[in-house]
Protein chains: 2
Amino acid sequence: MTNKKLLDGPLSVKPRPRPTGNLHDWLARSIGERILAGEFVPGALLPNEAAWGRIYDVSRTAVREAIKTLTGKGLLLSRPKIGSRVEPRDRWNLLDRDVLTWHRSAIDRRSFAASTQEARRVIEPGVAALAARKRTVEQLDRLIAAMEAMRNAKSVQVNVAADLEFHEALLQAANNDLLMPFGIIIEQALRNLFDYTSQRNPRLSIAIKLHEKIVHAVIDQDMEAARQAMLRLIDDTDAVIAATSPLKK
Amino acid sequence: MTNKKLLDGPLSVKPRPRPTGNLHDWLARSIGERILAGEFVPGALLPNEAAWGRIYDVSRTAVREAIKTLTGKGLLLSRPKIGSRVEPRDRWNLLDRDVLTWHRSAIDRRSFAASTQEARRVIEPGVAALAARKRTVEQLDRLIAAMEAMRNAKSVQVNVAADLEFHEALLQAANNDLLMPFGIIIEQALRNLFDYTSQRNPRLSIAIKLHEKIVHAVIDQDMEAARQAMLRLIDDTDAVIAATSPLKK
DNA sequence: GCAAGTGTTATTGTATGACAAATAAAAAAC
DNA sequence: GTTTTTTATTTGTCATACAATAACACTTGC
């Protein structure tokens with residue numbers, strides 16, 4: 001950091017808790033978080049590259065690479081003489097791992113949980129039905145193994161991992177590339193749920209039974225049964241969330 | 001282009017049909033297409049930055065920015081001393097506009113149509129149901145306006161645009177951010193359908209009636225009716241696709 | 001006044017060269 | 001054989017210079 005041109009006045013807007021790891025990654029994260037937090041709304045013009053460089057005391061190269069990363073995620077569009085403008089929300093790749101993480105930390109927990117559960121309710125029953133129809137035997141094995149791991153889990157951590165693996169395996173068994181990106185929502189929904197309960201799930205045995213119904217439907221290749229079983233599982237998750245205090249954190 | 005270090009031997013692997021517009025955008029597209037086409041499979045190591053520079057006769061700067069773009073889309077991961085490695089497929093942001101386009105041109109039309117229709121069948125009925133429950137009056141107005149435009153359309157182009165607008169409006173009316181990224185699938189599905197028929201849709205009047213049923217269900221806030229109406233619409237689209245020659249192009 | 005062209009200027013785009021940091025792989029030491 | 005050290009390769013970061021683009025102000029001609 002031999003950047004001589006430090007901001008010398010009161011215009012120095014932001015602190016710079018200089019990080020670990022790659023500079024451009026960290027920059028992309030910093031700027032991305034600020035966009036998702038609403039500091040720069042869609043249509044707004046960002047500070048220009050040189051300004052970012054001054055704000056964070058980094059070279060224009062690093063700034064540009066960070067901006068390219070964010071552009072790749074659909075958050076920005078840069079044009080000469082104009083600058084970098086925040087894209088409309090419907091262009092954002094909200095299912096990108098990073099973007100979803102920033103989004104999650106920008107909104108309150110409960111409404112995030114509500115969105116994820118709502119989205120799961122739209123998609124996962126159909127995924128379960130597809131998996132029931134199209135799964136290969138290898139994919140079925142993976143699902144059964146995840147079920148087994150869930151049943152035998154001795155700790156909450158192991159249980160959560162098995163749960164994630166179960167839903168990931170189911171999604172993969174649906175054999176449709178275009179649905180795979182949805183996995184990140186399931187993952188976030190379950191992690192969020194885990195943050196809520198944070199203890200041993202009191203309904204764990206119920207949850208296990210519900211998962212088993214899905215497995216059986218997939219074994220039988222019964223699309224409707226799979227769909228219904230998944231719906232009941234999501235209902236149960238909603239119940240767990242509803243049972244936690246709305247004021248918690 | 002004053003790059004003196006041209007490849008001088010028979011190792012010069014690729015042509016360079018130097019493009020229009022931004023170099024790094026074009027580079028990202030070129031490399032992205034090659035990845036989606038399977039030239040570099042997940043886990044494979046890409047040529048290093050300097051090599052790309054030689055291959056396309058561009059500076060390392062441009063190469064790095066292109067790679068950052070692709071990394072932002074989840075296709076790559078770069079590490080010092082290693083290089084840039086193609087990420088596993090489930091990390092790819094397949095719902096990114098660019099990535100989906102590259103994917104589309106990398107696989108054959110029919111299987112792309114099959115995937116998109118299958119995905120729509122999973123997602124859109126639930127979206128229609130959600131929209132029926134949660135739409136605001138403004139959102140309903142937008143939906144009705146799209147319906148009107150569809151009814152009055154004099155050309156295929158206008159009809160397709162209205163159709164896209166209809167489904168986009170419906171998706172927006174579902175009021176769930178996490179579902180918005182799926183809009184790109186619907187868009188691609190409809191565009192693909194248009195490429196198929198490429199003429200005036202012989203079932204146009206049927207399609208319009210099916211869309212109207214959805215509108216009425218959303219007006220009535222009848223979730224089940226909306227779901228069923230959407231399912232019937234997708235069935236109809238499948239029928240149109242099935243009616244076209246499997247050998248066409 | 002106003003339309004059309006013309007120049008000015010702010011911003012991103014591209015190139016080059018240099019060095020830092022990370023780390024896999026090879027070499028050396030034990 | 002195992003551990004440690006060195007080396008080499010690749011990405012990461014910086015600085016600087018200039019090109020390309022296009023919004024905006026300005027002139028010019030009518």
Side-chain angles (χ1 to χ4, degrees), chain A residues 1-7 11 16-31 35 40 43-72 74-87, chain B residues 1-7 11 16-31 35 40 43-72 74-87:
Chain A
M1 276 93 280
T2 53
N3 220 337
K4 272 96 186 179
K5 304 168 194 165
L6 295 169
L7 271 193
L11 289 172
R16 299 180 263 101
R18 207 55 167 287
T20 168
N22 288 346
L23 215 41
H24 63 258
D25 270 4
W26 168 74
L27 257 180
R29 198 174 333 126
S30 302
I31 300 176
I35 294 172
F40 304 100
L45 214 53
L46 258 56
N48 67 35
E49 296 171 350
W52 283 120
R54 284 191 301 272
I55 292 171
Y56 287 100
D57 189 23
V58 296
S59 72
R60 220 190 118 198
T61 308
V63 172
R64 281 185 60 80
E65 292 183 356
I67 286 180
K68 289 295 159 290
T69 299
L70 297 176
T71 303
L75 297 181
L76 298 177
L77 184 65
S78 300
R79 294 180 60 200
K81 169 70 190 178
I82 309 290
S84 294
R85 205 174 279 282
V86 179
E87 286 273 88
Chain B
M1 277 99 277
T2 55
N3 219 338
K4 273 97 186 178
K5 303 167 194 165
L6 294 169
L7 270 192
L11 289 171
R16 298 180 263 100
R18 206 56 168 286
T20 170
N22 288 346
L23 216 41
H24 63 257
D25 270 4
W26 168 73
L27 256 181
R29 197 173 335 125
S30 302
I31 300 176
I35 293 172
F40 304 101
L45 213 53
L46 258 56
N48 67 35
E49 296 170 349
W52 282 119
R54 283 192 301 272
I55 293 172
Y56 286 99
D57 189 23
V58 296
S59 71
R60 218 189 120 199
T61 307
V63 172
R64 282 184 60 80
E65 292 185 356
I67 286 180
K68 290 294 161 290
T69 299
L70 297 176
T71 302
L75 297 181
L76 297 177
L77 184 65
S78 300
R79 294 179 60 200
K81 170 69 190 182
I82 309 290
S84 295
R85 204 176 278 283
V86 179
E87 286 273 88

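What separates CZ of B:Arg85 from P of D:dT9 is a distance of 18 Å, to the nearest Å. Between the P atom of D:dA20 and the CG atom of B:Asn22 lies a distance of 13 Å, rounded to the nearest Å. Atoms CZ (A:Arg54) and P (D:dA15) sit 13 Å apart, rounded to a whole Å. Rounded to whole Å, the distance from CZ on B:Arg64 to C1' on C:dG17 is 15 Å. Nucleotide D:dT10 holds its C1' atom 11 Å from the CD1 atom of B:Ile67, rounded to whole Å. The distance from atom CD1 of A:Ile82 to atom C1' of C:dT12 is 10 Å, rounded to the nearest whole Å. Between B:Leu45 atom CG and C:dT23 atom C1' the separation is 14 Å, expressed in whole Å. In this structure, A:Asn48 atom CG and C:dT9 atom P are separated by 17 Å, rounded to whole Å.
Minimum heavy-atom separation, B:Ala66 to B:Leu27: CB-CB, 3.6 Å. Across all their heavy atoms, B:Leu70 and B:Ala28 have their closest contact at CD2-O, 3.5 Å. Across every non-hydrogen atom of A:Leu45 and A:Ile82, the tightest pair is CD2-O, 3.7 Å. Minimum heavy-atom separation, B:Pro47 to B:Trp52: O-NE1, 3.1 Å.
Distance from the side chain of A:Ser84 is smallest to C:dT12 among D:dC14, C:dT12, D:dT11. Side-chain proximity of A:His24 to D:dA23, D:dT13, C:dA24: nearest is D:dT13.
No donor-acceptor contact under 3.5 Å links the side chain of A:Ser59 to the base of D:dA15. Remark: the B:Arg60 side chain and the C:dG17 base include no donor-acceptor N/O pair separated by less than 3.5 Å. Residue B:Arg79 places no side-chain atom within donor-acceptor reach of the base of D:dG12, judged by atom type and a 3.5 Å distance cut-off alone.
Look at B:Lys68 and you'll find a side-chain N or O under 4.0 angstrom from OP1 or OP2 of D:dG12.
Mapping A:Thr61 and B:Lys81 onto DNA chain D by nearest heavy atom places B:Lys81 at the nucleotide closer to the 5' end. Comparing A:Pro80 and B:Ala62 against DNA chain C, the residue whose closest nucleotide sits nearer the 5' end is A:Pro80.
Two residues are said to be in side-chain contact when any heavy atoms from C-beta on lie closer than 4.5 Å; B:Val86 and B:Leu76 meet this criterion.
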